[in-house]
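Remarks on the structure that follows.
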Amino acid sequence: MKINRLKEQEVNDIIEKESVDLSSFKVKDTLNPKIFNEEDHMYPEVRRRLLMIADDFFETLDIAWVDIDDIILTGSLANYNWSKFSDVDIHILVDYEEVDDNVELVREYFMSKKNLWNEKHDITIKGYDVELYVQDTEEPHVSSGVYSVMYGGWVVQPEKGAKTIDAQKVGQKVNNIVDSIKHIYRMYKEEDYDKTIRSIKTLKEKIKKMRQSGLDREGEYSFENIAFKVLRRTEMLDKISEIETKAYDNSLTLVESIKYLKN
């Protein structure tokens, strides 16, 4: 990806001050009819296909001695806030300690495997991209909707009813982060690559903590989590990574001098 696709005006066009579009977060009256039937059970053909995908992915992990505790669908497709932006978020639950005592190493290994799989494959279910994760069984459920694909039933059944989203707070959070991205992009244009990389790492950590604090406090409908999703849907998070990659490459690039070329 080329960083020259990222223009400051483009940032302004994507998200205007005090005007964050939250229409895609509207709560629906039913679960997604492509995934669930009228009795809120997953269609058998959808379930079978998801189990096949999860099994194939699990084989690539090379941990045959570990049992799968569950395979779950979570996220907006397991809730009433699904939209055209939704992904089929499939989590394979295993006990990390059964893999290795170094749980953090296990987490990094699974993350690497997940990234490789998702980059290599382009699988969709009823038009929605499939995203695979490996989750520690001991990790608590944050989502208000969790469906067991493995056992064919609800672990956490979502509740109907409109949810209130604080649009003003969402807009403030999004616009503050967009301002930070603009500032970082100016650093990049000034060829201060090391500072650009440090600033991006700091911003990514800030965004991660922002989202987690919202999930811990109010769950999926916290203004922090909605702000994170707005940033993701408008591809702002991808643009941060584009800047980081290009800054890193440029920081290590050694350019031949004109004098040397003449010789």
Side-chain angles (χ1 to χ4, degrees), residues 1 50-75 78 87-123 129-143 146 148-150 155 177 180-181 184 193-216 219-220 224-225 227-229 231-232 235-252:
M1 291 184 290
L50 292 177
L51 287 173
M52 289 173 58
I53 296 168
D55 286 342
D56 287 346
F57 171 63
F58 188 75
E59 286 185 8
T60 69
L61 302 178
D62 297 322
I63 51 170
W65 66 91
V66 177
D67 293 325
I68 297 176
D69 292 325
D70 204 350
I71 299 170
I72 61 174
L73 171 70
T74 187
D87 292 323
V88 183
D89 291 328
I90 297 298
H91 292 218
I92 300 174
L93 272 57
V94 301
D95 186 343
Y96 279 18
E97 291 187 348
E98 286 188 12
V99 181
D100 192 271
D101 291 336
N102 190 336
V103 172
E104 194 55 41
L105 182 63
V106 173
R107 191 183 314 280
E108 292 178 4
Y109 172 72
F110 286 152
M111 183 63 70
S112 175
K113 284 289 190 178
K114 181 265 291 188
N115 290 337
L116 287 173
W117 174 273
N118 289 332
E119 289 173 5
K120 182 178 180 181
H121 298 281
D122 184 19
I123 303 173
D129 292 333
V130 175
E131 289 284 335
L132 288 163
Y133 305 85
V134 184
Q135 179 180 324
D136 192 348
T137 304
E138 300 302 316
E139 183 179 329
H141 295 301
V142 175
S143 177
V146 179
S148 173
V149 182
M150 187 170 180
V155 178
I177 291 172
S180 296
I181 295 172
I184 288 171
Y193 301 129
D194 290 339
K195 189 174 181 181
T196 297
I197 295 168
R198 291 196 303 271
S199 297
I200 290 175
K201 291 185 184 302
T202 299
L203 181 59
K204 283 185 173 181
E205 188 63 27
K206 175 184 176 181
I207 293 172
K208 180 181 177 181
K209 289 180 179 178
M210 173 196 75
R211 186 190 191 194
Q212 191 59 53
S213 67
L215 289 171
D216 292 342
E220 295 169 282
E224 294 97 336
N225 186 49
F228 171 83
K229 290 192 172 186
L231 291 164
R232 184 171 61 188
E235 300 183 350
M236 297 307 293
L237 300 183
D238 290 337
K239 295 182 189 306
I240 297 173
S241 295
E242 285 183 31
I243 299 171
E244 183 178 28
T245 299
K246 196 65 177 180
Y248 174 79
D249 291 348
N250 286 346
S251 71
L252 295 179

From [X] [atom1] over to [Y] [atom2], what is the distance, rounded to the nearest 0.5 angstrom?
{"X": "Glu205", "Y": "Leu203", "atom1": "CD", "atom2": "CG", "answer": "10.5 Å"}
{"X": "Leu132", "Y": "Leu50", "atom1": "CG", "atom2": "CG", "answer": "9.0 Å"}
{"X": "Asp238", "Y": "Ile243", "atom1": "CG", "atom2": "CD1", "answer": "11.5 Å"}
{"X": "Phe228", "Y": "Ile207", "atom1": "CZ", "atom2": "CD1", "answer": "8.0 Å"}
{"X": "Ile92", "Y": "Phe57", "atom1": "CD1", "atom2": "CZ", "answer": "5.5 Å"}
{"X": "Glu242", "Y": "Lys246", "atom1": "CD", "atom2": "NZ", "answer": "10.5 Å"}

Contacts of [X] that satisfy side-chain hydrogen bond (donor to acceptor under 3.5 Å, both in side chains) - sequence neighbours left out:
{"X": "Thr196", "result": "none"}
{"X": "Asn225", "result": "Arg211"}
{"X": "Asp136", "result": "none"}

Side chain to side chain contact (heavy atoms under 4.5 Å, CB included) with [X]: which residues, sequence neighbours excluded?
{"X": "Lys195", "result": "Met187, Asp192, Arg198, Ser199"}
{"X": "Gln212", "result": "Leu215, Asp216"}
{"X": "Thr137", "result": "Asp69, Leu93"}
{"X": "Lys204", "result": "Ile200, Ile240, Ser241, Glu244"}

Option among Gln135, Glu131, Glu139 that satisfies the side-chain hydrogen bond (donor to acceptor under 3.5 Å, both in side chains) test with His91: Gln135
Could you tabulate the donor-acceptor pairs under 3.5 Å formed by side-chain atoms of residues 94-105, not counting sequence neighbours?
unit_1, atom_1, unit_2, atom_2, d
Asp95, OD1, Glu97, N, 3.0
Tyr96, OH, Val134, O, 2.7
Asp100, OD1, Asn102, N, 2.8
Asn102, OD1, Glu104, N, 3.4
Asn102, OD1, Leu105, N, 3.1

Of the non-hydrogen atoms in [X] and [Y], which two are nearest, and what is the gap between them?
{"X": "Gly214", "Y": "Glu224", "value": "CA-OE1, 3.4 Å"}
{"X": "Gly75", "Y": "Asp89", "value": "CA-OD2, 4.1 Å"}
{"X": "Val155", "Y": "Ser148", "value": "CG2-CB, 3.9 Å"}
{"X": "Ser143", "Y": "Val146", "value": "O-CG2, 4.0 Å"}

Criterion side-chain contact (heavy atoms from CB on, under 4.5 Å) on Leu51 and Ile71, from CA distance to verdict: CA-CA 8 Å; Leu51 287 173; Ile71 299 170; 3.9 Å; yes
Min side-chain heavy-atom separation [X]-[Y] under 4.5 Å:
{"X": "Met236", "Y": "Ile177", "answer": "no"}
{"X": "Leu252", "Y": "Tyr193", "answer": "no"}
{"X": "Ile90", "Y": "Ile53", "answer": "no"}

In residues 108-117, what donor-acceptor pairs under 3.5 Å come from side-chain atoms, sequence neighbours left out?
unit_1, atom_1, unit_2, atom_2, d
Tyr109, OH, Leu61, O, 2.6
Lys113, NZ, Thr60, O, 3.1
Asn115, ND2, Met111, O, 3.3

Partners passing salt bridge (charged side-chain N to carboxylate O under 4.0 Å, His left out) against Glu220 (at least two apart in sequence or in another chain): none
Summary of salt bridge (charged side-chain N to carboxylate O under 4.0 Å, His left out) pairs that have at least one residue in residues 58-68, sequence neighbours excluded: none
